[in-house]
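Beneath this line is the structure, given in C-alpha cells, with notes to follow.
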There are 4 protein chains.
Amino acid sequence: MARITGSNGERTAAAIRQAALRLIHAQGFAAMNLRELAAAVGISPASLYNHMTTKQSLLFDLMLEHMTALLEQTDAALAAAGPEPLARLEAFIGHHVLYHLERKREVYIANFELRALDQPNAARIIGMRHDYEARLIALLEEGTAAGLLSLGDARISAYAMLAMLTGVCTWYRVDGRLTRQEIVALHTRLALEGVLRRG
Amino acid sequence: MARITGSNGERTAAAIRQAALRLIHAQGFAAMNLRELAAAVGISPASLYNHMTTKQSLLFDLMLEHMTALLEQTDAALAAAGPEPLARLEAFIGHHVLYHLERKREVYIANFELRALDQPNAARIIGMRHDYEARLIALLEEGTAAGLLSLGDARISAYAMLAMLTGVCTWYRVDGRLTRQEIVALHTRLALEGVLRRG
Amino acid sequence: MARITGSNGERTAAAIRQAALRLIHAQGFAAMNLRELAAAVGISPASLYNHMTTKQSLLFDLMLEHMTALLEQTDAALAAAGPEPLARLEAFIGHHVLYHLERKREVYIANFELRALDQPNAARIIGMRHDYEARLIALLEEGTAAGLLSLGDARISAYAMLAMLTGVCTWYRVDGRLTRQEIVALHTRLALEGVLRRG
Amino acid sequence: MARITGSNGERTAAAIRQAALRLIHAQGFAAMNLRELAAAVGISPASLYNHMTTKQSLLFDLMLEHMTALLEQTDAALAAAGPEPLARLEAFIGHHVLYHLERKREVYIANFELRALDQPNAARIIGMRHDYEARLIALLEEGTAAGLLSLGDARISAYAMLAMLTGVCTWYRVDGRLTRQEIVALHTRLALEGVLRRG
DNA sequence: GATGAATGAGTTTTCATTCAT
DNA sequence: AATGAATGAAAACTCATTCAT
C-alpha cells in the first residue's frame, strides 16, 4: 500500500534534516552527536537509521541539496536578468545575498564542514562550488570586456566579493535592525563600487 | 637551579602550539584528537599534559594569544599612521590583510572555533573581538564625520569589510600567484571604493 | 508494545548490581574498574552504560537500596515486637544481626564506601544512617526510662553495640561453624548484658 | 659525611608517612594518588621516590609499623598486669581502646586496606593480626578455665569484642564530649558484662 | 517505522613510575 | 635530596552503528 505524501516517515526525515542543520551550524559536524540529534527530533538514535545511512551521508545530503539549489536558483536569476553585464552582476549579487540570508545555516555548513567530508563526497561538493565561483568570475570578465568594470584580478576579486557577501551569514538575525532589501542594497553598493570602472 | 632558556620543556610547549594550530586549522578542534597532536609533536599523549591542562585550555590559550597580538599590533599600526582619517583607515586595512596573510591559521581558528569554547572562555574572546570591530567602526565614523566617507550603516559596513578582508585566509598560499603587497593593494581598493564619498 | 517482564534488560541490570556488590566488597569501589565489572557480567564495558549513568551513581543506587530496605525492615520488626522495651531492643538486635548476615556486602559497602560518594549523595546516605542509629538510641533511652537498662551514655553505647553487631560482616561465612540462630543468640547476649540493669 | 639525626631527608620521610596516613584514612588507598600526597608534603611526585620504593610498599610499611607497635605494646601491658585473668583481660581492653583512640588512622587503614596489599605483604599483616586476636582468645579461655567467664564461643566472642572496641575509631574526636578515661571505662564495662560469669 | 540493548573502537584524562639533570 | 619532563598502561566514559524484536 502506497503511503500518502507527508507520511510520518517523510515528516521524520524532514525533521531530522532541520534538526541536523541547526545542530551542525551551532556546534560543528564533529561536535554534533547522533544522540543529541535523535533527542532533538524526539526519536531514538537507532531510529535515525531508518532515514539516513550514516552520519557522513547525512552531511553530504545536506550539502548536496544546498549546492544544487544554489546553482539552479542562481541560473534562474541570471536568466531573468537578461543580457546586460551590469544587470546580470547585480542580479547575481542580489540573489546571493538573499539566498544567504534565508539559508545561512546551509551556507555556513557547506563552507566550513567540507573538511568533514570523505574524499569522493568532498570532491563533488568542491566541484559544485567551483562552478558557482566560475559564474561570478565570468560575470566580472564579461563586465571588464564590456568596459564597465576594472579589476586587479578577476579571480581574487571574485573571492573577495564572495567573502564579503557571504559574511552576512555570520551576523544576520531575522529580527535585526535592517530589512533584507536594505541589506541587499548596502552590499550591492559595497561590492560594486570596488569594481566599477570610473570615467 | 634555574633551567636554561629554550630548555626541552619550552621547546616542547612551542611545538605543541604549532602542531595544534596546524591540526585544528585542518580538521577543526572537535575532530583533532590528542593522539594525533602528540604524534605530530613526537611525544606520547600523556606527555601533552606536562604542557597544558586540558584540550579546551589549549584552544583558549591559542585564541587568547592571537587576539592579544592582533589588538596590540593594530593599535601600533594606527598610532604610526597619524591623525588623518583616511590614512588611518588604510593603515587598518593594510595591517589587517597582512596579519591575516601571516597568521591565517590563528585567525581561522579564532573565527570558527568560538563555539568549541566553554562559556567563560568564549565570553572573553568575544569581548576582544568586539574591541577589534569597534576600532574599525570608529574609523568609519571618523571618516564619515570628516566628510570623506559615505556609508549606509557603519556597523554593517564594518562587518562586510572585515568579512571581505578576512576572506584571504581561505585561499591564500605562500607560494601563490600574487605578492603580499599586491593582495594588500587589491583589497584596499576593493574595500575603500565601497565607502568613499564621491564628489 | 511493552517489553516483557524479566526481559534481558532487566536481567542485565540485576546482574550488574550483583556483580558490583561482589567486586566492590572484595576490592573497594575505587579499586574496582568497569572492565572487570563488565567482564563479570559478560557484557562489554560500553554496555554497562545502558543500565547506569556513571560509576558513582551505581554506588549510590546500591547504597540507597540497602539503606531503604534496612530502615523499612527494621520498622517492620519493631512493629511486630510490640510495646515492651526489652522485647523491642531484642527485636532490633536480632533483626540487625540477621540482616547483616544476609546482606553483609551491602552493609560493608554502605559503611566503608561513604567516602567515595559525591557530596549530595553522601549527605543523603549519612542522613539515613543517622535515622537508623536514632532508632537504637531511642530504644536504649526507652529501656533506661523504664528502669530496665543502665548505661553510661546512650549514644556511645549505641555506637559500641552497632560496631559489635555489625562486626559479623567481617568474618561470617555461609558455611561456617555456627548457625545463624546461634550467632544471633550469642550476639544478643553479648550486647544485652552490657546494658542491662542489675538488681 | 654522616647526616645528623632529624636531617631534612628524615623529616621529609616522616612528613610523607603522616600525610599518607591522613590521606589513606580519608579517601582510601586506591583513591589516594601520589600527586596529592606529594602536594600535601610540599614536594614533587618524583621526590617521593627518594623516600619510598613504591606506593604499595608505603602502605605496607605503614601497616607493619602499626602492627609491630600494637603487638609490642599489648605484650607490655599484659606483662604489667600480672597473672590474674580478669586483670589481664581488663588490661587488654584498656590498652586496646587507648591505642585505638590514639592511632585511629593506622588502625583503620590496617583493617580496611588489607585488600590493597599484594599477596606476600597481605599474608604477613594477616599473620600479625591473627597473633593479636590469639592473645584475646587466650585471655578469654584463661578466664573461662578459671571459672570467671562464661561464653558461647571464645573466638566469636573475641571477634565481637574487638569489633566493638575498635568501633571507637569510627566516631572518636579528640575534642569530643567524653574523656579518654570515660570512653575506656564505658567500653570496659560493655565488653566485660557480656562475658562475665554470673553467680 | 521504531527501539532497547549491545558493542568495537575511540576519546580525554589520570596515574605510578622513571630518569637525566 | 629534589625535580621537570616523559611515558606505558589504564581509567571512565562516548560514539556511531547494528540488530532482534
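Every chain is numbered from 1 and lettered A, B, ... according to where its sequence line falls, protein lines coming before strand lines.
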Atom-pair distance (CE on Met52(A); C1' on dA16(F)), nearest Å: 8 Å

N or O in side chain of Thr12(D) less than 4.0 angstrom from dA1(F) OP1/OP2: no

Spacing of Lys55(D) atom NZ relative to dA9(F) atom C1', expressed in whole Å: 15 Å

Rounded distance (Å) that lies between atom P of dT12(E) and atom CG of Leu37(B): 10 Å

Residue-phosphate contact under 4.0 Å: Ser44(D) side-chain N/O, dT3(F) OP1/OP2: yes

Short side-chain N/O contact from Arg35(B) to OP1 or OP2 of dG10(E), under 4.0 Å: no

Contact nearer the 5' end of DNA chain E, comparing Ala31(B) with Ala46(C): Ala46(C)

Atom-to-atom span, CG of Leu59(C) to P of dA12(F) - whole angstrom: 13 Å

Nearest-Å distance for atom pair CG/P, residues Leu48(C) and dA12(F): 10 Å

Selected nucleotide, minimal atom distance to Tyr49(B) side chain, candidates dT18(E), dT13(E), dT7(E): dT13(E)

Shortest side-chain distance from Pro45(A), nucleotide among dA12(F), dT17(F), dT11(E): dT17(F)

hbond_proxy Asn50(A) side chain to dA2(E) base (donor-acceptor, 3.5 Å cutoff): yes

Distance test, side-chain N/O of Ser47(A) to OP1/OP2 of dG1(E), below 4.0 Å: no

Rounded distance (Å) that lies between atom C1' of dA2(E) and atom CD of Glu10(A): 17 Å

Opposite nucleotide pairing with dA5(E), Watson-Crick or G-U, both atom distances under 3.5 Å: dT18(F)

Within 6.0 angstrom of Arg103(C) CZ, more than 12 heavy atoms from elsewhere: yes

Salt bridge Arg17(D)-Glu106(D), side-chain N to carboxylate O under 4.0 Å: no

Stepwise side-chain contact (heavy atoms from CB on, under 4.5 Å) check, Leu23(A) with Asn33(A): CA-CA 9 Å; Leu23(A) 289 171; Asn33(A) 67 58; over 6 Å; no

Asn33(D) CG - dA16(E) P separation (whole Å): 5 Å

Stepwise side-chain contact (heavy atoms from CB on, under 4.5 Å) check, Phe29(B) with Ile109(B): CA-CA 8 Å; Phe29(B) 178 72; Ile109(B) 291 169; over 6 Å; no

Presence of His51(D) side-chain N/O under 4.0 Å of dA2(F) phosphate oxygens OP1/OP2: yes

Length of the CE-P vector between Met32(D) and dT14(E), whole Å: 18 Å

Glu113(D) side chain to Ala110(D) backbone, donor-acceptor under 3.5 Å: no

Shortest side-chain distance from Leu34(A), nucleotide among dA16(E), dA9(E), dT17(F): dT17(F)

